[in-house]
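In what follows, chains are A, B, ... by sequence order, proteins preceding strands, each numbered from 1. Since we're looking at a predicted model, the values are computed, not measured.
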There are 2 protein chains.
Amino acid sequence: MSTPATRRRPSMDDVAKAAGVSKGAVSKVIRDAYGVSPEMRQRVEATIRELGYRPRIAARAMRGSSFSIGLEIPNLDSEFFTQIMKGAASQLSGTNYQLMIAPGLGELSGTPVLENLADRQVDGIIAISPEVTPEWLEELSREVPVVLLGRHDKSASYDTITNDDEAGTRLALDHLLGLGHRRIAHLTLRMKNERSDAQPPHTVRRLMYERVTADAGLEPLVVYSDLAGDGAYLSAKELLVSDPRITAIFAGNDTLAIESLRAIADLGLTAEDVSVIGYDDIRMAGHPLVSLSTIDQFGEAMGRAAIDLLMERIRGGRTEPRHRELEPKLRVRASTRPASPTR
Amino acid sequence: MSTPATRRRPSMDDVAKAAGVSKGAVSKVIRDAYGVSPEMRQRVEATIRELGYRPRIAARAMRGSSFSIGLEIPNLDSEFFTQIMKGAASQLSGTNYQLMIAPGLGELSGTPVLENLADRQVDGIIAISPEVTPEWLEELSREVPVVLLGRHDKSASYDTITNDDEAGTRLALDHLLGLGHRRIAHLTLRMKNERSDAQPPHTVRRLMYERVTADAGLEPLVVYSDLAGDGAYLSAKELLVSDPRITAIFAGNDTLAIESLRAIADLGLTAEDVSVIGYDDIRMAGHPLVSLSTIDQFGEAMGRAAIDLLMERIRGGRTEPRHRELEPKLRVRASTRPASPTR
DNA sequence: TTGAAAGCGATACCAG
DNA sequence: CTGGTATCGCTTTCAA
């Protein structure tokens, strides 16, 4: 037997012994802390390379930091989260930190997933949790820096990055109204525990939809749906069948919008009959075969900004909360057309 | 000041003291190990609930397991990886284990990302790394159970889950040939370090493409492209412009295929002019506006199976390698049509 | 069945 | 600038 089945990886002790120095010295070298002579550093670094030593994060985490950033996402059904992941990952590249993405799944999301990250001693958490209560998040943020994406509740202990959902909703609806639409439905996500103080983006958009339609003297028409499986597709289909006067749908996000387009196509209709506008500007929205009008809320920028805010706390020691809001932008494409007088 | 800025979370010691028992007893209870009396268990569990105690994974990891499974993905550009994440996440739900997804990013992928996971003491690793050498992976698998997705190299120390890429490629090409196509291009991913012994899926597909076209007496036409940004779109566009005799594209995956459709649409062409078939069957492929013919390789099933294989090693103690291969399935949709005689 | 104590691999303080 | 040592929170012998 030439190679053993399992091999112990070298520890800091091994490095210290091989280099003929103390553990403390090795520790200082790998953290490039103050107080090591050039020769010492060189010798230790040579030994580290020689042995292929890499510190174990678990041990480091017990005393200092884990060099991991946790990113909690509610599910894997919306491509918007991919944008955020990309932004966060790119902003972290070149640092010692690694992004650990923890996806929720159906019922199992929010609190338990965030706890899992905290239990793993991440140095910071990015949360996209519409359903977790502000109190619980404040509790969490006493333990580890937290930045919450999307929600508009302003806490004194965690940071937030939001999109101006009221402005975005107004952009979308003004666009539709400008095209002459008078019967505009709103397809949105079903929230499990709607609370007035946690202000998830989809709730803000719905409330704004209700206000704008009321101001325009229109009847609001809200449909709630799930993202998983064919839920959104079926909801949209039923909506269009049940009310043939609808000429436009404002969808709460692009995934819902694209499922609406699926329903429209399957009903033998086109954008001439029913206009659709989404929210997020995911990649497929710009595809010529889809060409979905939408509100860009710059997910990658949100992901990057989230890392920046965390690093300000982790490395810079900031303790006062910061709340950043990004401006949405209307992207007009082929899925929105002047209202059809017939249909 | 009523609430402190930061609060220490309770440790196992705190629980032990509060319950009037030893740390060891508490440890046994949370791992439900052998040798605790019902009363002891009850008392400890009550105290745990009362204090809201949750063990720190870092400390557990130093002696036992971290209850984390690492999933390395090469990038966030392909929705196929989302399928795998979903499968893995769902298979893990209901266990104590948490999925930690570590995405690569451009140049930074493969080896360093896998090392990052190993350094975090995950109990098992799922790797989707076309570019890492078999030797390096064997090395890694001496430290932690590894299951490699996609690649066809069979190691004695790590498990693999593959798709029968030769069969899938044949399905796709036979379909195109059956429609009368004679000039079929292949759009595939650019590999950085192509090695003959690591057999990444895209290389296997390309080789099979070359064999099948040769057998059919056709001229092979391979174009290499990147997935990030507009790389694939531009490659497809240039391909179609440079050679007007092309009537069909076999794309190495659905993302490449959808970018090809983008190029076709932008050139004012349709499926009547150029047929496209992809590989993966991502969600958008089934959308009526896209309607992409493709080869389903059941990404969710791969993700689920990967967790199963890891658990067999982690909990069951299996040490012999296992290599599973899934059968691909042709999905015929509207993007493939009989070859246009003109174009 | 239970408790005491050693040890995992780092960090950080404190002498020298 | 360097080395020794206590320490983090848990698991795991080993006695009682």
task: With the side chain counted from C-beta on, respond yes when Y53(A) and D14(A) share a heavy-atom pair under 4.5 Å apart, and no when they do not.
output: no
- prompt: When all nucleic acid strands are considered with a 4.0 Å heavy-atom cut-off, which category describes R31(B): base, sugar-phosphate, or nothing?
  reply: base
- prompt: Quick check: does any side chain N or O of T47(B) sit under 3.5 Å from a backbone N or O of R43(B), one acting as donor and the other as acceptor?
  reply: yes
task: Figure out the NZ/C1' separation between K17(B) and dA4(C), and round it to whole Å.
output: 13 Å
N/O donor-acceptor pair under 3.5 Å between R324(B) side chain and T160(B) backbone: no
task: Whole angstrom is fine here: how far is it from CZ in R120(B) over to P in dC8(C)?
output: 23 Å
- prompt: How many Å lie between NZ on K23(A) and P on dT7(D), as a whole number?
  reply: 14 Å
- prompt: Going by distance alone, is a donor N or O of one side chain under 3.5 Å from an acceptor N or O of the other, for S66(A) and Q121(A)?
  reply: no
task: Using distance alone, with no hydrogens and no angle criterion, decide if S27(A) and R31(A) have a side-chain donor and acceptor under 3.5 Å apart.
output: yes
message: Rounded to whole Å, please give me the gap between CE in M12(A) and C1' in dG3(D).
response: 14 Å
- prompt: How close or far is atom P of dC8(C) from atom CG of D14(A), stated in whole angstroms?
  reply: 11 Å
message: What contact category does S11(B) fall into here, base, sugar-phosphate, or nothing, at under 4.0 angstrom with non-hydrogen atoms?
response: sugar-phosphate
query: Just how far, in rounded Å, is P of dA6(C) from CZ of R63(B)?
result: 13 Å
- line: In whole angstroms, the gap separating C1' of dT11(D) from CD of Q121(B) amounts to 14 Å
task: With heavy atoms under 4.0 Å as the rule, sort V26(B) into base, sugar-phosphate or nothing.
output: nothing
task: Would you tell me if any nitrogen or oxygen in the side chain of S27(B) comes within less than 4.0 Å of OP1 or OP2 on dT11(D)?
output: yes
message: Can you tell me whether the side chain of R60(B) and the base of dG9(D) have a donor-acceptor pair closer than 3.5 Å?
response: no
- request: Would you check if there is a donor-acceptor pair between the side chains of Y97(A) and N116(B) at a distance under 3.5 Å?
  value: no
query: Can you tell me if Q98(B) and S68(B) form a side-chain donor-acceptor pair at under 3.5 Å?
result: no
Rounded distance in Å - CE (M62(A)) to C1' (dC10(D)): 7 Å
- request: Go through residues 32-55 of chain A and report each residue with a non-hydrogen atom lying under 4.0 Å from DNA chain D, sorted by number.
  value: Y34(A), G35(A), V36(A), S37(A), M40(A)
query: Is there a side-chain polar atom (N or O) of R56(B) under 4.0 Å from OP1 or OP2 of dC10(D)?
result: no
- prompt: Taking the side chain of I30(A) as its heavy atoms from C-beta onward, which of dT12(D), dT2(D), dT11(C) lies nearest to it?
  reply: dT11(C)
